[in-house]
Amino acid sequence: MASLQPVRGTHDILPDEARRARHVIDTGRNLAARYGYDEAATPIFEFSDVFARTLGETSDIVTKEMYTFTDKGGDQITLRPEGTAGIARALISGGLSQNLPLKFFYAGPMFRYERPQKGRLRQFHQIGVELLGVAEPIGDIEVIALGAAILDELGVRGNTQLELNTLGNTQSRAAYRDVLVEYFSDRRGDLSEDSQQRLDRNPLRILDSKNEGDRAIVIGAPEFDDSLDAESSDFFAEVCAGLDALGVAWHRNSRLVRGLDYYCHTAFEFTTDALGAQSAVLAGGRYDGLVEQMGGPSTPGVGWASGIERLSMLIGDGPEKTRAVAVIPLGDAAEAVALKLTDELRRSGVSVDLGFRGKMKQRMKRANNINARAAVILGDDELEQNAATVRDLDSGEQELVPLTALRDRLEQFR
RNA sequence: GUGGCUGUAGCUCAGUUGGUUAGAGCACCUGGUUGUGGUCCAGGGGGUCGGGGGUUCAAAUCCCCUCAGCCACCCCA
């Protein structure tokens with residue numbers, strides 16, 4: 001083990017993994033564009049208040065997971081733990097609410113101080129979308145459908161299932177919260193220690209508890225649906241109907257609760273059992289109160305985020321690497337010609353590897369190691385004839401090709 | 001933050017009740033082949049045994065601390 005270790009929970013994204021990540025991001029960006037979502041990027045750090053005020057004072061992210069520091073100017077800065085708050089801030093500081101609705105796609109690193117395990121890192125990466133300024137259920141439908149389309153395109157949809165729930169509007173949630181607090185308070189002593197704390201801070205999350213004793217109590221808990229007012233249940237019914245119309249299969253999970261305070265109405269998660277305890281692959285919901293809570297004009301919003309590392313683990317090898325052509329010069333004269341030739345080929349669109357040193361055998365070996373498609377051999381014999389030997393590295397066949405015809409001849413190896 | 005398991009070469013792993021210079025496969029390098037890779041043969045380099053401390057005549061092996069990874073909890077993407 002090397003004594004120089006990366007910071008806990010961080011890791012290097014080396015070429016194989018970078019290619020998978022790139023594929024995930026490109027797929028997300030391309031599909032999002034097709035749905036009318038433009039890419040945007042907000043800073044990876046913000047004033048701490050941007051997150052502390054909006055995510056909820058009692059949320060785990062704020063209480064224990066934020067990477068916060070004081071910068072040299074004395075400001076409290078936080079590395080972003082998620083993407084939505086930054087977008088909302090940008091909407092306000094940029095005066096973008098004049099141009100609603102807005103549709104954004106983003107990709108980038110997020111930071112949470114958590115204990116790392118499989119599918120969970122301290123610096124991880126997400127792609128996400130936000131739809132701002134649409135209060136209608138069709139917004140939720142579009143956003144979820146886009147998520148489903150991306151998972152389809154990546155070929156991982158079959159490993160996931162869509163869990164759907166509603167948290168209702170503010171009044172409904174408050175009403176449900178009251179009923180729930182009453183129910184659990186009567187059974188407080190039977191709840192796990194964790195859930196007793198949840199009861200004081202965020203009682204809805206008791207519904208999500210994995211503790212066996214809690215689960216037994218949760219089974220008898222009041223249903224959210226009984227507290228939903230007409231507006232809330234109509235809204236949810238429209239979302240469900242829209243997904244049905246699009247053929248997006250979903251599962252009602254009335255125990256699905258999002259961790260962040262700003263969610264309302266629709267909450268959803270595409271989950272998988274292929275990642276151990278980390279089941280959420282793509283998750284989000286509606287956050288109508290967020291922008292206003294941050295000090296901006298009342299602006300409805302709905303969106304989701306998806307972990308790039310988690311998606312990468314589901315897609316297997318991803319797309320194959322482009323196979324290059326290896327140019328192999330023999331001798332100083334050939335080296336000079338090869339340098340120029342290589343540059344011309346690259347500029348004309350051919351992917352070329354030019355070995356930096358070594359004898360022919362070593363260069364051929366390298367060509368093989370990088371999985372080159374063909375070798376272009378330039379030696380004295382070839383130079384005399386203004387030609388190059390082109391060897392197909394898959395078949396082993398080779399032939400002499402005039403330099404003037406080389407570009408065209410290499411076309412067949414693309 | 002809590003609990004459990006694990007840490008030996010670049011990778012995957014052997015290493016007996018503590019006992020000489022810690023091994024294998026793959027990978028890498030060199031040669032067989034001075035203009036031909038992928039197969040084969042021969043040879044070679046590479047290890048603070050995660051780190052620190054302790055017990056002992058002697059520690060990869062036993063004990064303590066620490067770091068990291070994995071798993072579960074918490075929470076989530």
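Labels below follow one simple rule: chain letters A, B, ... track the order of the sequence lines, proteins then strands, and each chain is numbered from 1.
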Looking at RNA chain B, which of residues 35-42 of chain A put a heavy atom within less than 4.0 Å of it?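 Correct list: empty, so none.
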Does any residue of residues 326-340 of chain A have a heavy atom under 4.0 Å from RNA chain B, and if so, which ones, in number order?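 Within residues 326-340 of chain A, the residues near RNA chain B are A:Leu330.
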Can you check whether any acceptor in the base of [N] is under 3.5 Å from a donor in the side chain of [X], or vice versa?
| X | N | result |
| --- | --- | --- |
| A:Arg115 | B:C75 | no |
| A:Asn368 | B:G38 | no |
| A:Gln398 | B:G37 | no |
| A:Arg363 | B:G37 | no |

If you measure from the [atom1] atom in [N] to the same atom in [M], how many Å do you get, rounded?
| N | M | atom1 | value |
| --- | --- | --- | --- |
| B:G51 | B:U33 | P | 44 Å |
| B:C29 | B:G46 | C1' | 10 Å |
| B:G3 | B:U66 | P | 11 Å |
| B:G37 | B:G32 | P | 12 Å |

Quick one: do A:Glu46 and A:Arg89 make a salt bridge, cutoff under 4.0 Å?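 A:Arg89 and A:Glu46: salt-bridged.
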Flag the pair A:Arg366 and A:Asp353 as a salt bridge only when some basic side-chain nitrogen lies within less than 4.0 angstrom of an acidic carboxylate oxygen.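 So A:Arg366 pairs with A:Asp353 through a salt bridge.
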Would you mind telling me which of [options] lies closest to the side-chain atoms of [X]?
| X | options | result |
| --- | --- | --- |
| A:Tyr113 | B:G1, B:U36, B:C76 | B:G1 |
| A:Lys359 | B:G31, B:C74, B:G37 | B:G31 |
| A:Arg120 | B:C29, B:U30, B:C75 | B:C75 |
| A:Ala305 | B:C28, B:A77, B:C71 | B:A77 |
| A:Gln362 | B:C71, B:C76, B:C29 | B:C29 |
| A:Lys365 | B:C74, B:U36, B:G37 | B:G37 |
| A:Arg8 | B:C75, B:A77, B:G69 | B:G69 |

Work out which heavy atom in A:Phe105 is nearest to a heavy atom in A:Arg29; give both atom names and the distance.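 Scanning both residues completely, I find the closest heavy atoms to be CZ-N, 3.5 Å.
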Find which nucleotide of RNA chain B each of A:His125 and A:Arg391 is nearest to by heavy atoms, and output the residue with the more 5' nucleotide.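 On the 5' side of the pair lies A:Arg391.
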The single option from A:Ile141, A:Leu131, A:Thr266 passing side-chain contact (heavy atoms from CB on, under 4.5 Å) against A:Val302: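 Answer after filtering A:Ile141, A:Leu131, A:Thr266: A:Leu131.
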Can you label the angle between the A:Tyr176 ring and the A:Phe224 ring as parallel, tilted or perpendicular, going by 30° and 60°?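 Aromatic pair A:Tyr176/A:Phe224 classed parallel.
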Report the secondary structure of RNA chain B in dot-bracket form, marking unpaired bases with a dot and bases paired to a different strand with |, and treating Watson-Crick or G-U pairs with both distances under 3.5 Å as paired. (((((((..((((.....[...)))).(((((.......))))).....(((((..]....))))))))))))....
